[in-house]
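Each residue takes its place number in the sequence, starting with 1.
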Amino acid sequence: MAFGSRLRARVADGSRPGSLGHRARARRAAKLLESFPELASMTVLDLGGEPHFWRTVAVRPAAVTILNLMPCEPEPPWLESFTGDACAPPPALAGRRFDLVVSNSVIEHVGGHGPRQRFAEVVRRAADRHWVQTPYRYFPVEPHWVFPGMQFLPLRMRAEVTRRWPLSPGRADNLPEAIANAASVELLSLTEMRAYFPESRLWCERVGGLVKSVTAIRD
């Protein structure tokens, strides 16, 4: 494994025990359980999640349904998965209701204001309660690239960071690919999260006194 990949795994990989990302995920999981103490008896729709999170959480829900653009790994009996867009669920999911919708670090990837509105509508239609987390736009280090202030740079400069920065989440071989990768993430502000989830309270996860992520919670 290249040095950049090893360093990225130690810093940002949420599934790697001991990494900063793993510790942040553990803090959020604890807050999830605090917000929904009856989680063990709930049916959960996870928009954009992965089975690993639910295998490692301290309290497992009664049933979990995952919707992800990528096919999931084989599931245990209490978990089912669908391949599809969280802004436009497949027909098999579109009319179903759940006790809780959970989404971690997904809404910033869906592609602009219109898709984010549709994502929020899917959340509200699927359940009365929800937990929607996203990295905060004004934290000084962009969390996907682990690059200071990258979210404030012009797109061409973000593309160059994508091509050259050793901690980039996916290295691009050419400029068009780098532009597409850089444009695929749009971090959200508190104002935007309040607008998409006006009925929710916002929980701000802080690091060093600074807001690092924002979670819309309706419990």
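- Taking all atoms of both residues into account, the shortest heavy-atom contact from Val110 to Pro115 is O-CB, 3.4 Å.
- Among all heavy-atom pairs drawn from Ala29 and Val57, the shortest one is CB-CG2, 4.3 Å.
- Using a 4.0 Å cut-off between charged side-chain N and carboxylate O, Arg163 and Glu160 make a salt bridge.
- Both Phe36 and Leu79 sit in one connected hydrophobic cluster of ILVMFWY residues. Membership requires side-chain heavy atoms under 4.5 Å apart, directly or through other members.
- Of the possible donor and acceptor atoms, one in the side chain of Glu186 sits under 3.5 Å from a partner among the backbone N and O of Gly112.
- The shortest non-hydrogen separation linking Pro51 to Ile66 is N-CD1, 3.5 Å.
- A donor-acceptor pair is defined here as one N or O able to donate and one able to accept, closer than 3.5 Å; such a pair exists between the side chain of Asn68 and the backbone of Gly48.
- From Asp99, atom CG reaches atom CG of Leu39 across 9.5 Å, with rounding to the nearest 0.5 Å.
- Contact annotation: the side chain of His130 approaches that of Phe197 to within less than 4.5 Å [non-hydrogen atoms, C-beta and beyond].
- Taking the six-membered ring where tryptophan is involved, the planes of His144 and His109 are perpendicular, since the angle between them exceeds 60° and thus also 30°.
- Counting heavy atoms from C-beta outward, Thr162 and Trp145 have side chains that approach closer than 4.5 Å.
- To the nearest 0.5 Å, atom CD of residue Glu142 and atom CD of residue Gln151 are 5.5 Å apart.
- Looking at every heavy atom in both residues, Val101 comes nearest to Val123 through CG2-O, 3.8 Å.
- Proximity of a side-chain donor or acceptor of Gln117 to a complementary backbone N or O of Gly114 within less than 3.5 Å is not detected.
- A heavy-atom distance below 4.5 Å is not found between the side chains of Phe98 and Leu100.
- Nearest approach of Ser189 to Tyr136, heavy atoms of both residues: CA-CE1, 4.1 Å.
- Between Tyr196 atom OH and His113 atom NE2 the span is 5.0 Å, to the nearest 0.5 Å.
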### Check against side chain to side chain contact (heavy atoms under 4.5 Å, CB included), Arg96 and Thr65
CA-CA 11 Å; Arg96 289 178 57 181; Thr65 299; 3.6 Å; yes

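- In this structure, Met150 is not a member of the same hydrophobic cluster as Ile179, with clusters built from ILVMFWY side-chain heavy atoms closer than 4.5 Å.
- The shortest side-chain heavy-atom distance between Pro71 and Ser81 does not fall under the 4.5 Å cut-off.
- The line from CZ of Phe53 to CZ of Arg28 is 8.5 Å long, rounded to the nearest 0.5 Å.
- Using a 3.5 Å distance cut-off with no hydrogens or angles, the side chains of Thr215 and Trp131 do not pair a donor with an acceptor.
- Taking hydrophobic clusters as Ile, Leu, Val, Met, Phe, Trp and Tyr residues chained together by side-chain heavy-atom distances below 4.5 Å, Ile217 does not share a cluster with Leu190.
- With values rounded to the nearest 0.5 angstrom, Ser168 atom OG is found 12.5 Å from Arg158 atom CZ.
- The shortest distance between side-chain heavy atoms of Ser35 and Arg201 falls below 4.5 Å.
- Atom CZ of Arg194 is separated from atom OG of Ser200 by 11.5 Å, given to the nearest 0.5 angstrom.
- Leu167 and Phe139 fall within a single hydrophobic cluster, where Ile, Leu, Val, Met, Phe, Trp and Tyr are joined by side-chain heavy atoms under 4.5 Å apart, directly or via other members.
- Taking both residues in full, the closest heavy atoms of Pro90 and Leu67 are given as CD-CD1, 3.8 Å, listed atom of the first, atom of the second, then distance.
- Salt bridge annotation for Arg116-Glu192: present, with a cationic side-chain nitrogen under 4.0 angstrom from a carboxylate oxygen.
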### Message
As a quick check of understanding, evaluate side chain to side chain contact (heavy atoms under 4.5 Å, CB included) for Asp128 and Arg97, giving each step before the final call.
### Response
CA-CA 9 Å; Asp128 292 331; Arg97 292 278 295 173; 2.9 Å; yes

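- Other residues, nucleotides and ligands place no more than 12 heavy atoms under 6.0 Å from the CD atom of Glu50.
- A 4.5 Å side-chain heavy-atom check between Leu188 and Val214 finds every atom pair outside the cut-off.
- You'll find the side chain of Leu187 reaches within 4.5 Å of the side chain of Pro143, heavy atoms only.
- Gln133 places a side-chain N or O within 3.5 Å of a backbone atom of Ser105 that can act as its donor or acceptor partner.
- Salt-bridge check for Lys31 with Glu34: passed, with a basic side-chain N closer than 4.0 Å to an acidic carboxylate O.
- With a 6.0 Å radius and a threshold of 12 heavy atoms from other residues, nucleotides or ligands, Arg156 has its CZ atom at or below the threshold.
- No path of Ile, Leu, Val, Met, Phe, Trp and Tyr side chains, each step under 4.5 Å between heavy atoms, connects Val64 with Phe82, placing them in separate hydrophobic clusters.
- Within the 4.5 Å cutoff, the side chain of Trp54 has heavy atoms near those of the Pro61 side chain.
- Between Phe152 and Tyr138, the ring planes lie parallel to each other; the angle is under 30°, not in the 30° to 60° tilted range.
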